Amino acid sequence: MTEGNNMPENDAAAETPAGSEPAKEKRPVEEQDGEKEKTENKENGDSKEEVEFVHPEGGWGWVVMLASMWCNGSVFGIQNAFGVMYIYLLQEFGSPDDKDLQFRTSWVGSLSMGMIFFCSPIVSIFTDMLGCRIVAVGGAAVGLVGLLGSSFVTSLGPMYFTYGIVFSCGCSFAYQPSLVILGHYFKKRLGLVNGIVTAGSSVFTIAMPFVLSALLKNIGLYSTMRVLCILMLVLMLAGFTYKPLLPVKPKDSQTGSSHLKQIFNVNIWKSWGYRIWAFGIPAALYGYFVPYVHLMKHVEERFGKDTNKEVLLMCIGITSGIGRLIFGIVADYISGVNKVFLQVASFFVIGLMSMMIPLCNVFGGLIAVCLLMGLFDGCFICIMAPIAFELVGAKDVSQAIGFLLGLMSVPMTVGPPIAGYLRDKMGYYDMAFYLAGVPPIIGGALLCLIPWVEAKHKRREKKEAVKGEQDADQKMMNHEKAQEVVQHKAGESVL
């Protein structure tokens, strides 16, 4: 793949007029997709030329945005609606004598969601090396193979591999490039475009439970998986739209440890605020995925099989989309790392709502709980990138998010199986949902330390800066005195 196919990399530079600086050159302005796009060379502090890229802010970028939206929707729509498929997996692979059925079956969905995040650091490296298009198309193809293979297995063991690992790894490799490629086409509108793209998962989360329920009832589990392969096929085709625009960074000839440091960015771990955030978020997520997996089965046991349980996932999807828009705007008016307090509030509400699920003896109360849970779920998701930017800066934000997603994979994987184990041992889900609400509250409390740590760090930096200025002034005064002494001695020698 050739990066920046539509960039005038090899165009001849304009001639330098007499008397002007020879190091500066100008390139001609070009029209592309109805938008002006130009590149110009500037000198940096080391007298090296840099290329300034102007984003199209539209054109083919709108097609890329729609493709990214499809990616978000198809990947997380299937994942978030796993609770519907979970019931049919219990029927397909279960037996009356299996006392650990809930525990073993929930591993299918948990592995799938966990592997999407676990692969994130690896995907970010492959994206830097191979480009967005190759990684996205290859990932979608792998996901298609995994989902198609899942439609032919007859036991849970192979399902762990085909659905829990192969399908989810493919989704991970298809998902992350869909966010990276947006930065090639948009800068001023990037916030708006990201909001539209991430809303795709909400739209699919609203519709997918009803679609899956209808398919599972009419054609069965295996045929439903084959139908879902159509989504992955479209996703693979969508990846071909990811035409890269940004200029290729010159390859560094360094090898060994210095090259590894370029691949694995260790600067992000120098920030104490990021360290707390990177471990506080995963600590809060041990119960996060439990409702998505077990809520459908809990409703069936509490209110009966004929209950319209899919409406609960629809409520979470609707308010999650609304929350992403509302809190995304609110976050713009909150300065610095104080945005963390929005995530703290989100985790407190999500934890309390999880504990409220077993207390709802009326289906309407359960709808209200899901509406609130979805609203603050959207808040938690939409401000992850802004907080990462505040903690580590724009230069390191990509790997900061990648490593965070990787750490998130562990709690999101083990949470639902633990809940299933408790259901198998106790015969009901109440204790599972009570315990699922504890980690978000603990993790949220831990995140409260970040603004205090960052404020302390800034005060220390300010003191060091003032001290450095004072030392510089003192050195300058000493230097001036030394020069005066030298000049005075030189005058005496002349006399």
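A quick note: this is a predicted structure, and the numbers were derived from the prediction, not measured.
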Spatial distance of atom [atom1] ([X]) from atom [atom2] ([Y]) [nearest 0.5 Å]:
X      : Y      : atom1 : atom2 : answer
Met353 : Phe433 : CE    : CZ    : 14.0 Å
Leu366 : Leu371 : CG    : CG    : 10.0 Å
Met159 : Leu89  : CE    : CG    : 5.5 Å
Asn72  : Thr205 : CG    : OG1   : 10.0 Å
Asn308 : Ser213 : CG    : OG    : 8.5 Å
Cys119 : Leu405 : SG    : CG    : 11.5 Å

Any idea which heavy atoms bring [X] and [Y] closest together, and the distance?
X      : Y      : value
Pro451 : Asn338 : CB-OD1, 3.9 Å
Met208 : Ala81  : CG-CB, 3.7 Å
Leu216 : Leu221 : CD2-CA, 3.7 Å
Met232 : Cys171 : CE-SG, 4.0 Å
Gly239 : Val137 : C-CG2, 3.6 Å
Cys370 : Ile316 : O-CG1, 3.6 Å

In this structure, are over 12 heavy atoms from other groups packed under 6.0 Å from [X] atom [atom1]?
X      : atom1 : result
Phe289 : CZ    : yes
Phe303 : CZ    : yes
Met356 : CE    : no
Phe363 : CZ    : yes

Aromatic plane relationship, [Y] with [X] - under 30° parallel, 30 to 60° tilted, over 60° perpendicular:
X      : Y      : answer
Trp269 : Phe403 : perpendicular
Tyr86  : Phe82  : tilted
Phe117 : Phe76  : tilted

Donor-acceptor pair, [X] side chain versus [Y] backbone, under 3.5 Å?
X      : Y      : result
His184 : Leu245 : yes
Thr127 : Pro177 : no
Tyr288 : Pro439 : no
Arg423 : Ala432 : no

Are [X] and [Y] side-chain neighbours, meaning at least one heavy-atom pair lies under 4.5 Å?
X      : Y      : answer
Ile181 : Lys243 : no
Trp107 : Thr413 : yes
Met85  : Met225 : yes
Ile441 : Met355 : yes
Val75  : Phe204 : no
Thr224 : Ser151 : no
Phe167 : Ile78  : yes

Which residues satisfy the side chain to side chain donor-acceptor pair (under 3.5 Å) test with Asp430, sequence neighbours excluded?
Arg302

Show me the donor-acceptor pairs within less than 3.5 Å that the side chains of residues 61-69 make with the rest of the protein, sequence neighbours left out.
{"unit_1": "Ser68", "atom_1": "OG", "unit_2": "Val64", "atom_2": "O", "d": "3.0"}
{"unit_1": "Ser68", "atom_1": "OG", "unit_2": "Ser178", "atom_2": "O", "d": "2.9"}

Quick check on the 6.0 Å ring-centre criterion: do Phe376 and Phe348 meet it?
no

Assert yes or no for the condition that the ring centre distance of Phe347 to Phe380 is strictly below 6.0 Å.
yes

Testing the 3.5 Å rule here: is there a donor-acceptor pair between the side chains of Ser112 and Ser168?
no

